[in-house]
Amino acid sequence: MNWLARLKKQIVPDGEPTKPTKPMFSDPEGGFVGSVGSVLAPIQKAGGDTAAANDGDPDPDGGHHSHSEGMNGRETDTFTARLARFTDKGLDLDAGERLAIKLVMRDREQDDRRLCLECTHLGGAGAWRCTNWRQAGIAIRASDAQLPGELVRTLQHCDGFRAAT
Ligand code: SF4
């Protein structure tokens with residue numbers, strides 16, 4: 001399966017697991033990115049702990065947050081690491097943030113698809129290619145292993161994937 005066939009297979013207009021029922025805005029690259037305001041709330045929040053002293057355990061589930069709440073500490077750390085990788089790989093900050101937020105949603109939904117941007121075999125920054133093209137089934141020779149930006153930003157299953165972080 002070449003990259004174009006893979007891209008067509010992965011883009012499913014309806015039934016996208018990361019697509020909520022009431023989208024707040026669309027990703028110009030084509031993917032839905034969800035509600036930024038609620039996800040980023042902990043990052044944007046200023047000031048100290050507002051819990052009353054007699055409130056008991058303010059976080060009884062040990063840091064887990066539902067979709068309607070902001071990111072917990074682990075999610076924030078992961079978001080930051082991904083954003084650094086995405087910008088290192090050539091995305092601008094806005095595009096990197098949108099994708100990193102999309103991945104927060106993906107992880108919460110236990111979606112096992114991945115981005116090429118998360119893969120150690122993604123070569124280049126801005127002009128990308130797959131260095132594991134044979135196992136990935138992307139090309140039949142190295143000179144044809146360039147990857148279009150749309151595929152690099154698309155959640156997919158790939159036999160050649162290996163997590164970069
Ligand atoms: S091996 Fe990695 S970089 Fe290559 S197509 Fe698969 S996920 Fe993308």
Side-chain angles (χ1 to χ4, degrees), residues 1-21 23-36 38-40 43 63-67 70-165:
M1 180 186 303
N2 66 21
W3 63 259
L4 183 58
R6 177 177 298 187
L7 188 56
K8 286 178 178 174
K9 181 181 170 195
Q10 296 300 328
I11 297 175
V12 180
D14 294 313
E16 166 75 36
T18 58
K19 186 178 181 182
T21 54
M24 295 186 69
F25 66 89
S26 295
D27 179 353
E29 283 84 28
F32 176 77
V33 295
S35 172
V36 177
S38 64
V39 174
L40 291 180
I43 294 176
H64 174 76
H65 295 283
S66 72
H67 286 221
M71 287 187 277
N72 64 30
R74 177 183 287 188
E75 287 174 331
T76 301
D77 291 346
T78 302
F79 173 92
T80 304
R82 286 172 174 160
L83 182 56
R85 173 163 175 85
F86 295 166
T87 53
D88 285 349
K89 281 293 180 183
L91 295 190
D92 65 32
L93 194 57
D94 285 347
E97 283 183 351
R98 287 193 296 271
L99 268 185
I101 291 167
K102 185 174 179 176
L103 297 192
V104 172
M105 303 301 186
R106 177 203 64 186
D107 293 347
R108 289 179 181 183
E109 293 168 357
Q110 299 180 334
D111 184 340
D112 63 355
R113 294 175 301 162
R114 297 292 179 262
L115 299 174
C116 289
L117 284 162
E118 301 176 90
C119 178
T120 191
H121 298 300
L122 181 67
W128 298 287
R129 63 188 184 85
C130 177
T131 61
N132 194 24
W133 49 270
R134 193 186 310 269
Q135 188 174 354
I138 283 294
I140 56 172
R141 53 183 172 260
S143 59
D144 291 335
Q146 300 88 354
L147 297 174
E150 192 172 356
L151 180 63
V152 166
R153 293 186 292 266
T154 298
L155 288 168
Q156 59 170 313
H157 294 112
C158 177
D159 290 341
F161 177 84
R162 187 170 149 218
T165 53

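All ligand and atom numbering here is 1-based and tracks the order in the structure.
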Item checked: Numbered atoms of ligand 1 (with element) below 4.0 Å of L122, judged on heavy atoms -> 3 (S)
Check: For atom CZ of R129, is the number of surrounding heavy atoms from other residues, nucleotides or ligands below 6.0 Å larger than 12?
Finding: no
Checklist line | For R153 against W128, the heavy-atom pair lying closest together | finding: NH1-CH2, 4.2 Å
Checklist line | Element-labelled atoms of ligand 1 that are located less than 4.0 Å from some non-hydrogen atom of A136 | finding: 1 (S), 5 (S), 6 (Fe)
Margin query: I'd like to know if R82 and D107 make a salt bridge, using a cut-off of under 4.0 Å between side-chain N and carboxylate O.
Written below: yes
Next item on the list: Search all heavy atoms of Q135 against all heavy atoms of D159 and return the closest pair with its distance.
Entry: NE2-O, 3.1 Å
Notebook entry, point to check: Taking only heavy atoms of C119, which atoms of ligand 1 are found under 4.0 Å from at least one of them?
Noted result: 1 (S), 2 (Fe), 3 (S), 7 (S)
Next item on the list: Taking the side chain as every heavy atom from C-beta outward, state whether T78 and V104 have any pair of such atoms under 4.5 Å apart.
Entry: no
Margin query: If you take the nearest heavy atom of each of A145, A164, C158, which one is closest to atom 6 (Fe) of ligand 1?
Written below: C158
Notebook entry, point to check: Can you name the residues that form a side chain to side chain donor-acceptor pair (under 3.5 Å) with D92, not counting sequence neighbours?
Noted result: none
Check: Which ligand 1 atoms does G160 reach within 4.0 Å, using its non-hydrogen atoms?
Finding: 1 (S)
Margin query: I'd like to check which ligand 1 atoms, numbered from 1 as shown, lie under 4.0 Å from a non-hydrogen atom of C130.
Written below: 1 (S), 3 (S), 4 (Fe), 5 (S)
Notebook entry, point to check: Just heavy atoms, cut-off under 4.0 Å: does C116 contact ligand 1 by side chain, backbone, both, or neither?
Noted result: both
